Structures are given as structure tokens and as C-alpha cells.
Novice: 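Provided herewith is a single structure, encoded as C-alpha cells, for subsequent inquiry.
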Amino acid sequence: MTTSAPERIKALREQIDNHNYRYYVLDEPSIPDAEYDRIFRELKQLEEENPELVTPDSPTQRVGAKPEGGFAEVQHELPMLSLDNAFSEEELRGFVRRIGDRVKGLDTAALAFACEPKLDGLAISLVYENGVLVRGATRGDGYTGEDITLNVRTIANVPLKLRGSGWPERLEVRGEVYMPKAGFEALNERARARDEKTFVNPRNAAAGSLRQLDPKITAQRPLEFCSYSTGIVDGGELPDSHSETLHQLREWGLKINPEMRVVTGADGCLEYYRDMEQKRAGLAYDIDGLVFKVDSREIQQALGFVARAPRWAIAHKFPAQEEITRLNDVEFQVGRTGAVTPVARLEPVFVGGVTVSNATLHNMDEIARLDVKIGDHVMVRRAGDVIPQIVKVVTEKRTGDESPVHIPSQCPVCGSDIERTQLVKRGKGGEQVSEGAIYRCVGRLSCEAQLKQALFHFGSRKAMDIDGLGDKNIEQLVDLELVRSPADLYRLSTRDLLRLEGFAELSSENLIAAIDQSRQVNLERFIYALGIPEVGEETARTLASSLGSLANVRRALPEVLATLKDIGLTVAYEIHNFMQDSHNQKVIDDLLSLEVQPKESGQVSPALTGSVAFGDLINSLGIFKVGKKGADNLAAHFGTLSALLEANEAQIAAVTGLNSQAKRNLFEYLQSEAHRHRLSAIEQQLREFGMHWECQPEESLQSLPLEGETWVLTGAMEALTRDEAKVRLQALGAKVAGSVSAKTSALVAGEKAGSKLAKAEQLGIRVLNEAQLIELLEAEGQGL
Ligand code: 5U1
């Protein structure tokens, strides 16, 4: 029996509505995204074939055409009230006491309150008639708002029609439209990539998105809606309490806050406050406080309203996450690699629960972007544990006495020159040099700031792991001029250490023993400890495991380095330049002569052999228009470098999978004696390193199961530590990164996973729990 189009359309819509409900309201997705997309596409296709069957409540009809003119005015039939605020325990207790004073005989200690987070978004009203969404409006001034129906329809979790049955003929649902943190970050990331203006915070992003005149734009914004109350109710009834009403709304398909609880008395409210204070940073969305409402509708009615706020509800605000203060000065700090970064010195301000007097300004480009001047009033934001940031200048407060920020020409710590870094872009027909945003002190280890941080990094747990070499001891070692480079650590005696504050015979001997023990270090830790710019643990590991010896790493040409896994030309040049620098060479030579002995395998990784390596090598030359694919095609075509070097124009023209411009550029490149010389030098080095790609057919390469994947670990795990999980994933070929981005392959979320989990979910990234991780590790031979 075949189903008719109307029947199939009805069934598909029901399926989609059900999946949406499970996904957006119950937070329990029931089918994979690909399956959902398939159903959606089938519905769209059927509707295209049968346009007469399209109805406005079909899930395909969320995004409408841009209307003429602006937004129409809407009169709220029942005003949208505001809430009184409480900023302290006393004020909250005062609110509960006043309730007791007004309602005779009420035991407020036993009074039920519905509690929920106060989302930092925009209040809106949704009107459903006979279960169908007919209007969405902004709050406006509480009496008059704007008709934003077309935009509201594009918010995926706003039901276009209610589920189930029993709804009043006319029902107004009120709640908040907001942008989850991960969606906000992703939106700003996209804006930055396109050189567009970014939003200051999720609330502004939500407001800007809702006020778009073109619903197509709103539809692309990651907005969500959460219901928190009702307005007009005609032709039907709602339950007797606020909390039951919310549960009823949830059954009708509207999202309510999953953190909603019913507690008793002021003590219950305060306990909820303390609980949510802890949870706040890990929530997927910004909240600016909590709302406590008397749960019983009868008692609400007895309490009534004062001015424009109900007596039965209060917003208990968290300390603000944004405040305005004055930028008193900009000072410059010197980092481990000499980067000179501006730091804002602020008039102390209480924000996000702490007093803030400094904020990061990142670099000079950021100062230019913000157009911030000394003396300006600035908006400072501190959310969760994030370092305070200046998000904008309050230009209205400018007096004209503000002064521009200039980068000093001499290092504030050592007096050496400060140089602007050059941005070298390699690829478009050679090198293109432009000015970078970073400035560097050229003093290196003669600059105390750089020396102290270099030593701290050198001795840290993931580097040489020198137990007891903390920042306080480093401070003294440098101040007493006992140490002028990491190598000097290995020249220290117990007598030297006795000069440090708090050091006695035993503690001196212990530190000397720890330093001595660090001489037996593995190569990857040693490379990491050197503090090469842009070389983190992962790159250090690649260098050590691919090149097998420190000597190879020290002399590797940038093009050779760029053939290694996940090392691009920019990082390759950083490594090469670092190793060629005479200061650095001396430090490394001194370390070796002081018997620091990095353990080397001496083996060049087999992953570097095969035609893949030849393709990577051609790619690393950065010949304009010869991309990775073209380079691989050239490698497959010529097989050996000498064959490529001997190729004439006709032979190059015969290569497939390469456009004519790329072929011309390659031919011209090979005409240059300097280039040919360079190529021969690279080939020779690769041979010396033992990389003979032409002898190794591609099939013989063995790839690891997670090769090419980037994993992120978050939250606490029980059976293994994050570091242990990291090592095991790396052994399977995965790269383990610290943050979630569109490039992440999978996220392992342990207990109390916070914003990383939210971001991964937002980006649709695969998420595994601890048990699933262990299962995978066991299946791949990396079990516990
Ligand atoms: N969570 C929540 N936010 N909020 C805002 N509940 C809530 N209730 C409000 C407002 C303005 O007003 C009540 C009076 C319904």
C-alpha cells in the first residue's frame, strides 16, 4: 500500500516536530543529524511538488521573506512587568518577610518558591491561538512592543504549533530569547574571519539578531527561547501553581529552564542561590541572577503588584559581569618569548564578584581596534574565571583630555630595543613581509623578565620537571645573579642555594638532586623546555619522534620541518630561526656540555617516508597556485626530486591535476639557480635524515587509527587522569588540543564538563563520555 502525499507530509511533519521536541525541550536527541536532515529534505521535496499542501506551521516554513517597512507596534494586553531586585541576603530575606506581613497567617518558612536562573537576554511574548503561533513581540516598555513574529518563527526551539491538547484557545507565553555562549563565540569567530564587527556580549548579539529586518539573517543566528511565565489566557485554564504551569508549557512543546526548582522559605532560596553561583560559569548561557516566585497562584493574587512589579517575585542579582571604569594607564609587560604586551591599569571596580584593577589588552592591534586612550571610560567584562577584558570604550564620556597609547621604544624591564615583528607570508610567489601586531624586546635572556619566565617554563612539570624550582626561587636566583641562563641551573651548588631565603641544608640538597635528575630527560621534553615560540608539547613531540635526534632538529631546514605532521611553514621558520640564533645555540651547547642528555631514539619516523613526503616537500616550497593536491600530483608524476629537477617545460605541462598557471609558476621556480640549489640542499638533508621517499611505495605506510584527528579532553574522569588519557590518544595518532573549535574531531567529556561541552554540542562535534573513551582505547590496544 502506498501512502498519499498529504499523509506522508503529515507523518514527516509529526516526526520532525517530535524530534525537535526531544532535541530542544527534553534535551534528549533521538536520531542522528544525518537522519533528521534526510527527513527534512524529503518533506521539503514533497512540499515543492505539492505547493497547495504547504501550511504556515510546517517546519519548512520558519524563514519567511523580508517584510516591507520596519516592525509594527504591538500593545500588550497585559503589561509585561519588570522585577524588583535583591542584591544581598538581607534584601532577599526582606522580600520574604514582606510577604509574611501582607498575608495574614502565612508561614513563610514553609512557603513554596519556584526558583530559576534569570537569563541575560531579551524578554518576548508569544501568542498562540488554538495552538498555533500567531504573534511574537518584544517587551518594549512593557506596554508597547514591536511585532517580531517573522524573526521569532526562525528560532528553532519556538514551536510553530503546540503539542498535545488542552491548551487555552488563546495563550500568551512569555520568556527570554538569548544566545548560548558557544553560539556567541562561534558567531564572533566567523565575524572576525570576515573582518566584520564583533558583538560585545551574548545579550547584544541576541538583541541585534532579533532586531534584524531580514528574517533570513535572524535564522542564521544561534538564538534560543526559554519560557518563564504566561500572559493572556482565554478559553481555558492553567494549573494552580507557577511550577506546574511551567511543566504544562513543557508538555505543550515549550522549553523551560531545566534548573527550575521548588524550594521552601528564604533559606531554600538562599541555598539555591549558592548552588547556582557554583554552577554559573559552567552553564551554556549567561545569567545575571536568579528569579524567586511565590509558587501558589492564589497567594500571588493575594499579594498583587506594587508600581510595575509583582510583590510575589524578585530577581536576586549576581554581581554584574560588566562595569564601567576609568583606564588610568597602560603598562607594558614582557613575556617569555620577549613579546611586549599592553596591560590596562584600571580604576578598581567590582565586577563579576571580584575587584578588578587590571585587564588584558592583547596587543597594539587590539588597542587600535578598540580605539582606547588613557583616561577613557571603558566597559570591563569578567565572566566566570576568564581574564577581565575591555570590551569597549564609552565614547560619550570622553572629555578631550584622553591621551593615545604608545608602545615604548625600549623594553621597560631591560632597556633593550623593542622591535615590531614581521609577518612573513610564504606562498604567493615567494615571501611577503608585512608588519605584525606583536612587538618584541630583543634582549632575550639578558632581559630579566624573559629570563625568569624562560626558567620557569624550563623547569615546569611538562618540560624538565625540576621539582622545587618555583617562581619565588627563580626570582631570587636571578636577582642574586646566580643564574643567567637555563644552563646555569646545572652549575649551582648547595652553597649557592643556601643564599636563598628559606633554604637550609636539606632543601638545598633536594633542589640540587632534582636539577641533577632532570639531566636524564627525553628529547621531546627537552625540545619543549627550550621555549621555542609556537612550539608546544605536541609540536615538540612531533619533532622528537620524527627527526629522532637533537642534532637533526637543530639543523633541519624549514622546508624539511614543514613536511612533518601539523608543522606549517610559519612554525617551521620559527623553529629554524630559533636554532640558528647564536644566543640559543650557546644555551643548548652549554646544556649539553653540562651533561644534560636528552634521550634520543636516533630513528627517523617511517611516516616521513613514501611519496607523501615528496608531495609535502613540494607543497612546502610555497610555489604560487601549487597547492597540496597539485604538489601530491607532481610527486606521483615525477617520483624523484632529480626527475623533477630535470623536467623540461613539456614534461611539466604533461602533469595532470595542476592548472596551467601553477605549471608556469613551477617552471619559472625551477629556472632559478638559487631555487634549484635550495631544492638540492633540502633533498640532501632528507637523505641524510634517512627519508627516501622514492624507495617507499605509499601502500607501505601504516597509519594510526586516530591519525589526522584532533581531540579535546574536559571535565574530571575517574579511571584515568586527563594527562593519561592524552598520552593514550596521542599513541593512537590523535592530536590533543586545549580548546574546542570547528576543527575538533571529538570531545571527551568527564564529570562537570562545562563550556567546552556546550561548545562541542553547539558545533555538532562527537562527544564521548569516560566509559566510551575507555571502550575505544581498549578496542585500539590502549586500554588501562
Ligand atoms: N526566569 C525569569 N526571568 N524573568 C523575568 N522569570 C522571570 N519573570 C519575570 C521576568 C521579567 O517576570 C515575572 C513577573 C513574570
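Positions are given from 1, in the same order as the sequence printed here. Indexing begins at 1, ligand by ligand and atom by atom, following the structure's order. What you see is a predicted model; the values in this text were computed from it and never measured.
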Novice: I'd like the contact residues of ligand 1, where contact means a heavy atom below 4.0 Å.
Specialist: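 Shell around ligand 1 (4.0 Å, heavy atoms): L81, L83, E116, P117, Y228, S229, V291, K293, P310.
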Novice: Please lay out, stage by stage, how E277 and R274 fare under the test salt bridge (charged side-chain N to carboxylate O under 4.0 Å, His left out).
Specialist: CA-CA 5 Å; E277 231 181 354; R274 286 188 284 273; over 6 Å; no
Novice: Could you tell me how the ring of F292 sits relative to the ring of Y272: parallel (under 30°), tilted (30 to 60°) or perpendicular (over 60°)?
Specialist: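 Plane angle over 60°, so perpendicular.
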Novice: Quick one: do E91 and R93 make a salt bridge, cutoff under 4.0 Å?
Specialist: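 No, this pair does not count.
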Novice: Would you kindly say whether N201 and R203 are connected by a side-chain donor-acceptor distance under 3.5 Å?
Specialist: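 No.
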Novice: What I'd like to find out is whether the side chain of H19 reaches to under 4.5 Å of the side chain of I39, using heavy atoms alone.
Specialist: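 Yes; the side chains approach each other to less than 4.5 Å.
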Novice: Measure up the Y273 and F318 rings against each other and bin them: parallel (under 30°), tilted (30 to 60°), perpendicular (over 60°).
Specialist: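 Correct class here is tilted.
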